[in-house]
Amino acid sequence: MPRYNEEHLEELHDRRKNQLIHAAIKIFARHGIKGTKISMITEEAEVSHGLFYHYFKSKEELFTMLIQQAVQTSVAEVENLLQAYGTPLEKIKLLSNSILDESGAPFFMLLHHARNSEVIPDEAKQLLKDHSMEVYVKLLLPLFQEGQETGDFIQGHTEELISTYLTVLSGVMVLGEGYTIPKIDYLLRVIS
């Protein structure tokens, strides 16, 4: 019987921590680190304020952990995309959908806020510096080059085309709630 209690407590521990993490992603994505209060996270997670400190020392520690997770997830997603079957245009549609999707958008918004905020923890700054937009440009370069060769993407300076694509997606993400996101096919007309 004690084993069951340990397993049950561990499961409850993991569930509460995950509630806080998912709530924090949403709140940080909407308000950035400066505009986020721990009480906002605990209210979204529907847990007590004190429980936050059982899992995290500070909102800065949680924010940095989420930035690390977001960087790893976004790089992995692009790398997986490159291995997927399909034309370059089909692949970029998949990536665009995942970035603008309800599950992916908060991570990308979190990264956007972090990149545009002056008040973030030093460790998070270093993570972003190590994974600047150039990392994504380099990752996407072979896909865009192939797309230009096949005629899926317009001709021109490939890195500028990738930067344009990423800028358009970033712009759409920051428009906020209540804004209807255009169809991916419309957004991709800027590159195809």
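Considering only residues two or more places apart in sequence or on other chains, Lys91 meets the salt bridge (Lys or Arg N to Asp or Glu O under 4.0 Å) condition with none of them. Applying the salt bridge (Lys or Arg N to Asp or Glu O under 4.0 Å) criterion to Lys138, with sequence neighbours excluded, gives no partner residue.
Side chains of Ser58 and Tyr53: a donor-acceptor N/O pair is absent below 3.5 angstrom, by distance only. Side-chain atoms of Gln126 and Asp122 form no donor-acceptor pair, as typed in the model, at a separation below 3.5 Å.
The environment of CD in Gln19 is crowded: more than 12 heavy-atom neighbours from other residues, nucleotides or ligands sit within 6.0 Å. For Lys125, the NZ atom counts as densely surrounded, since its 6.0 Å shell holds more than 12 non-hydrogen atoms of other residues, nucleotides or ligands.
In plain terms, the two heavy atoms of Ile33 and Val119 that are nearest each other are CG2-O, 2.8 Å. The two atoms that bring Thr158 and Leu141 nearest to each other are CG2-CD1, 3.5 Å, heavy atoms only. Closest heavy-atom contact between Ile67 and Ala114: CD1-CB, 3.5 Å. Residue Leu188 comes nearest to Ser96 through the heavy atom pair CD2-OG, 3.8 Å, listed as atom of the first residue, atom of the second, then distance. The two residues Ile184 and Asn97 come nearest to each other via the heavy atoms CG1-OD1, 3.0 Å. For the residue pair Ala24 and Leu62, the shortest heavy atom distance occurs at CB-CD2, 3.4 Å.
Using a 4.5 Å cut-off on side-chain heavy atoms (C-beta onward), Gln145 and Phe153 make no contact. Within the 4.5 Å cutoff, side-chain heavy atoms of Val137 are placed close to those of Ser163. Residues Val135 and Val78 have side chains not in contact (no heavy-atom distance under 4.5 Å, counting atoms from C-beta outward). Residues Ile92 and Leu95 have side chains in contact (heavy-atom distance under 4.5 Å, counting atoms from C-beta outward). You'll find the side chain of Asp152 stays beyond 4.5 Å of the side chain of Ile191, heavy atoms only. In this structure, Ser48 and Thr42 have side chains that are not in contact, with every pair of non-hydrogen atoms separated by 4.5 Å or more. Two residues are said to be in side-chain contact when any heavy atoms from C-beta on lie closer than 4.5 Å; Ile120 and Leu128 meet this criterion. Taking 4.5 Å as the limit, some side-chain heavy atom of Lys37 sits within range of a side-chain heavy atom of Met40.
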- Message: Test side chain to side chain contact (heavy atoms under 4.5 Å, CB included) on Thr64 and Glu61; report intermediate values, then the result.
- Response: CA-CA 5 Å; Thr64 300; Glu61 177 192 45; 6.0 Å; no
- Task: Would you check, one step at a time, whether the test side chain to side chain contact (heavy atoms under 4.5 Å, CB included) holds for Thr150 with Thr87?
- Result: CA-CA 9 Å; Thr150 62; Thr87 67; over 6 Å; no
- Task: Show your working on side chain to side chain contact (heavy atoms under 4.5 Å, CB included) between Arg16 and His54 and close with a plain yes or no.
- Result: CA-CA 10 Å; Arg16 292 285 189 231; His54 182 71; over 6 Å; no
- Kindly indicate, with the supporting measurements, whether the criterion side chain to side chain contact (heavy atoms under 4.5 Å, CB included) is fulfilled by Asn80 and Glu77. CA-CA 5 Å; Asn80 289 338; Glu77 190 150 330; 5.7 Å; no
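Of the possible donor and acceptor atoms, none in the side chain of Glu146 sits under 3.5 Å from a partner among the backbone N and O of Pro142. Proximity of a side-chain donor or acceptor of Ser74 to a complementary backbone N or O of Val71 within less than 3.5 Å is detected. Looking only at distances, no side-chain donor or acceptor of Gln68 sits under 3.5 Å from a matching main-chain atom of Met65.
Put simply, NZ on Lys59 and OG on Ser39 are 9.5 Å apart, with the number rounded to the nearest 0.5 Å. With rounding to the nearest 0.5 Å, the separation of CG in Leu143 from CD1 in Ile162 is 8.0 Å. A distance of 9.0 Å separates CZ in Phe144 from OG1 in Thr164, rounded to the nearest 0.5 Å. Note: Ile41 CD1 to His49 NE2 = 9.5 Å, rounded to the nearest 0.5 Å. One distance of note links CD of Glu90 with OH of Tyr85; it measures 8.0 Å at 0.5 Å rounding. To the nearest 0.5 angstrom, Lys26 atom NZ is 13.5 Å from Ile21 atom CD1.
Judged as a ring pair (Phe, Tyr, Trp, His ring centres under 6.0 Å), the pairs with a partner in residues 20-41 (not counting sequence neighbours) are, in order, Phe28-Phe63.
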